[in-house]
Amino acid sequence: MSGPTDETAGDLPVKDTGLNLFGMGGLQETSTTRTMKSRQAVSRVSREELEDRFLRLHDENILLKQHARKQEDKIKRL
């Protein structure tokens, strides 16, 4: 009389594929491919346009941080 046996003891481990970016069974874009595509897109834009976009994003980031600090101060006062 043997004790309870584990019915999964003889199973082999399998790789968990999970979901990729395009759902089940789709092709997954590699990081190298994405990097190459983004570099190509950047090279098509003029330097002035890139600088302008950067400065706009930088200013927006600063404004958002200031707003977040104000909100945090307001919450602390409550």
Side-chain angles (χ1 to χ4, degrees):
M1 291 197 156
S2 64
T5 59
D6 184 7
E7 59 196 38
T8 62
D11 293 347
L12 296 174
V14 294
K15 181 179 177 183
D16 183 14
T17 57
L19 290 175
N20 58 24
L21 295 175
F22 302 102
M24 294 291 278
L27 296 175
Q28 188 171 5
E29 194 175 34
T30 64
S31 63
T32 308
T33 306
R34 277 183 263 139
T35 303
M36 287 175 38
K37 286 182 180 180
S38 64
R39 285 184 181 176
Q40 289 173 351
V42 167
S43 67
R44 291 185 196 121
V45 181
S46 69
R47 181 180 178 94
E48 292 80 20
E49 179 66 24
L50 288 173
E51 288 174 352
D52 188 49
R53 288 182 189 180
F54 170 78
L55 292 173
R56 248 188 271 138
L57 287 172
H58 184 30
D59 291 343
E60 183 181 345
N61 188 27
I62 290 172
L63 288 173
L64 287 171
K65 284 182 179 181
Q66 288 174 349
H67 181 69
R69 283 190 210 110
K70 285 180 186 177
Q71 294 288 2
E72 288 173 359
D73 291 342
K74 200 181 281 186
I75 290 170
K76 285 178 184 177
R77 280 187 253 132
L78 293 176

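Atom CE of Met36 is separated from atom CZ of Arg39 by 9.5 Å, given to the nearest 0.5 angstrom. Here the straight-line distance linking atom NZ of Lys74 with atom CZ of Arg77 works out to 7.5 Å at 0.5 Å rounding. For the atom pair Asn61 CG and Gln66 CD, the distance stands at 10.5 Å (nearest 0.5 Å). Once rounded to the nearest 0.5 Å, the distance linking CD of Gln71 with CG of Leu64 reads 11.5 Å. In this structure, the separation between CG on Leu57 and CG on Asp52 is 9.5 Å, given to the nearest 0.5 Å.
Note on Arg47 versus Glu51: salt bridge recorded, some NZ/NE/NH1/NH2 to OD/OE distance being below 4.0 Å.
Every residue was checked against the salt bridge (charged side-chain N to carboxylate O under 4.0 Å, His left out) condition with Arg69, not counting sequence neighbours, and none meets it.
Residue pairs meeting the ring-ring contact (aromatic ring centres under 6.0 Å, His included) criterion with at least one partner in residues 31-62, sequence neighbours excluded, are Phe54-His58.
Glu72 has its side chain out of reach of Ile75: every pair of non-hydrogen atoms, C-beta onward, lies at least 4.5 Å apart.
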